[in-house]
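A short write-up of the structure that comes next.
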Amino acid sequence: LVNAQGCDSTATLDLTISDEAFGSEDVTACDEYTWAANGVNYTEGGSFSVVLPGSQGCDSTATLNLTLYYSTSGSETVGACDSLVWAANGNTYTASGTYTADLLNAQGCDSTATLFLTIYPTTHQTTEASACVSYEWEGETLVASGTYEHTTTSPEGCVSTSTLILSITPPTTG
């Protein structure tokens with residue numbers, strides 16, 4: 001360079017260039033996620049960016065690639081004979097009622113399952129009887145000693161049984 005007096009001059013520039021920083025973060029969460037970079041709470045997935053001031057005075061861009069899965073709930077109404085083993089939690093229930101199970105869904109998020117259960121009882125009844133000549137039981141006239149069984153099915157499909165142990169005394173002649 002030539003200075004103001006017409007003499008040659010040399011100028012030296014020591015230059016440091018700070019690159020703008022770009023960073024990305026891949027996150028998977030359930031229901032919601034609060035990003036520490038900007039303090040925003042996200043309830044839907046997507047790609048989000050924020051510009052942050054860098055330490056050298058240069059801006060930096062941070063990107064959040066967010067995948068959100070959601071908690072689920074469901075219910076089922078079931079009728080069963082005597083008892084039910086609920087597949088949701090493996091528990092056996094013998095009484096009618098409403099039951100819940102806290103589970104993780106396929107994406108690993110909290111889930112609640114509700115069971116509305118009606119238990120239909122089955123019965124097994126045994127009766128011993130003695131009679132002379134014949135005995136009326138379950139709409140039949142029985143004339144021989146023995147063990148008899150009668151099965152009924154309720155409208156819900158539950159099977160009940162009745163057993164009769166019968167002793168017939170034949171009439172005496174003489």
Side-chain angles (χ1 to χ4, degrees), residues 24-50 62-174:
S24 68
E25 184 178 0
D26 296 326
V27 174
T28 300
C30 292
D31 298 319
E32 62 183 341
Y33 179 75
T34 301
W35 192 19
N38 63 2
V40 173
N41 186 48
Y42 295 95
T43 57
E44 292 186 16
S47 184
F48 309 96
S49 295
V50 63
T63 301
L64 170 65
N65 298 310
L66 179 61
T67 302
L68 280 183
Y69 296 112
Y70 299 95
S71 298
T72 55
S73 63
S75 65
E76 61 181 317
T77 301
V78 176
C81 302
D82 293 326
S83 68
L84 174 80
V85 177
W86 192 21
N89 62 7
N91 290 347
T92 300
Y93 297 98
T94 58
S96 297
T98 300
Y99 303 96
T100 59
D102 295 321
L103 311 164
L104 294 178
N105 64 19
Q107 291 81 28
C109 298
D110 292 333
S111 295
T112 301
T114 303
L115 171 65
F116 300 101
L117 177 62
T118 302
I119 293 293
Y120 302 103
T122 61
T123 58
H124 183 80
Q125 178 181 347
T126 300
T127 304
E128 292 185 29
S130 296
C132 295
V133 183
S134 66
Y135 186 80
E136 288 289 325
W137 184 67
E138 300 289 345
E140 289 185 58
T141 301
L142 305 173
V143 294
S145 296
T147 300
Y148 299 90
E149 190 167 282
H150 182 76
T151 301
T152 58
T153 303
S154 71
E156 296 81 23
C158 302
V159 177
S160 294
T161 58
S162 298
T163 302
L164 173 65
I165 302 169
L166 178 62
S167 176
I168 296 287
T169 305
T172 55
T173 58

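This structure is a prediction, so every number in the text was calculated from the model and none was measured. The first residue in the sequence is number 1, and the count goes up from there.
- Using a 4.5 Å heavy-atom cutoff, the side chains of Ile168 and Leu142 are not in contact.
- Gln107 contributes atom CD, which lies 11.5 Å from atom OG1 of Thr67 (distance to the nearest 0.5 angstrom).
- Among all heavy-atom pairs drawn from Asp31 and Leu68, the shortest one is O-CD1, 3.9 Å.
- The 12-atom threshold is not exceeded at CD of Glu44, counting heavy atoms of other residues, nucleotides or ligands nearer than 6.0 Å.
- Among all heavy-atom pairs drawn from Ser134 and Thr141, the shortest one is CB-CG2, 3.9 Å.
- We find the CG-CG distance between Asp26 and Leu66 to be 10.0 Å, quoted to the nearest 0.5 Å.
- At least one side-chain heavy atom of Leu64 sits under 4.5 Å from a side-chain heavy atom of Tyr33.
- Annotation: Tyr99, atom OH; neighbour count of heavy atoms from other residues, nucleotides and ligands within 6.0 Å is above 12.
- Identified under the ring-ring contact (aromatic ring centres under 6.0 Å, His included) test for residues 119-147, with sequence neighbours left out: none.
- Between Phe48 and Val40, the closest side-chain pair of non-hydrogen atoms is not below 4.5 Å.
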(message) Assess the residue pair Ser49 and Thr63 against the criterion (side-chain hydrogen bond (donor to acceptor under 3.5 Å, both in side chains)); give the C-alpha distance rounded to whole Å, side-chain angles, the decisive distance to 0.1 Å, and a yes or no.
(response) CA-CA 4 Å; Ser49 295; Thr63 301; 3.2 Å; yes
(request) Would you please test Ser111 and Thr72 for side-chain hydrogen bond (donor to acceptor under 3.5 Å, both in side chains) and show each step? (result) CA-CA 5 Å; Ser111 295; Thr72 55; 2.6 Å; yes
When the side chains of residues 81-90 are checked against the rest of the protein, which donor-acceptor pairs come out under 3.5 Å, sequence neighbours left out?
unit_1 : atom_1 : unit_2 : atom_2 : d
Asp82  : OD1    : Thr122 : N      : 2.9
Asp82  : OD1    : Thr122 : OG1    : 3.0
Asp82  : OD2    : Thr122 : OG1    : 2.4
Trp86  : NE1    : Glu76  : OE2    : 2.7
Asn89  : OD1    : Asn91  : N      : 3.0
Asn89  : ND2    : Tyr93  : OH     : 3.1

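- Residues Thr163 and Glu149 come closest through the heavy atom pair OG1-OE1, 3.7 Å.
- A donor-acceptor pair is defined here as one N or O able to donate and one able to accept, closer than 3.5 Å; no such pair exists between the side chain of Thr114 and the backbone of Ser75.
- Side-chain contact between Thr126 and Ile165: present, with at least one pair of heavy atoms (C-beta onward) separated by less than 4.5 Å.
- Screening residues 109-157 for disulfide (SG to SG under 2.5 Å) gives Cys30-Cys109 as the qualifying pairs, with residues at least two apart or on separate chains.
- Shortest non-hydrogen contact noted between Leu164 and Ala129 is CD1-CB, 3.9 Å.
- Residues Glu25 and Trp35 meet the side-chain proximity criterion, which asks for heavy atoms closer than 4.5 Å.
- A donor-acceptor pair is defined here as one N or O able to donate and one able to accept, closer than 3.5 Å; no such pair exists between the side chain of Asn65 and the backbone of Ser24.
- Using a 4.5 Å heavy-atom threshold, the side chains of Asp102 and Asp110 count as separate.
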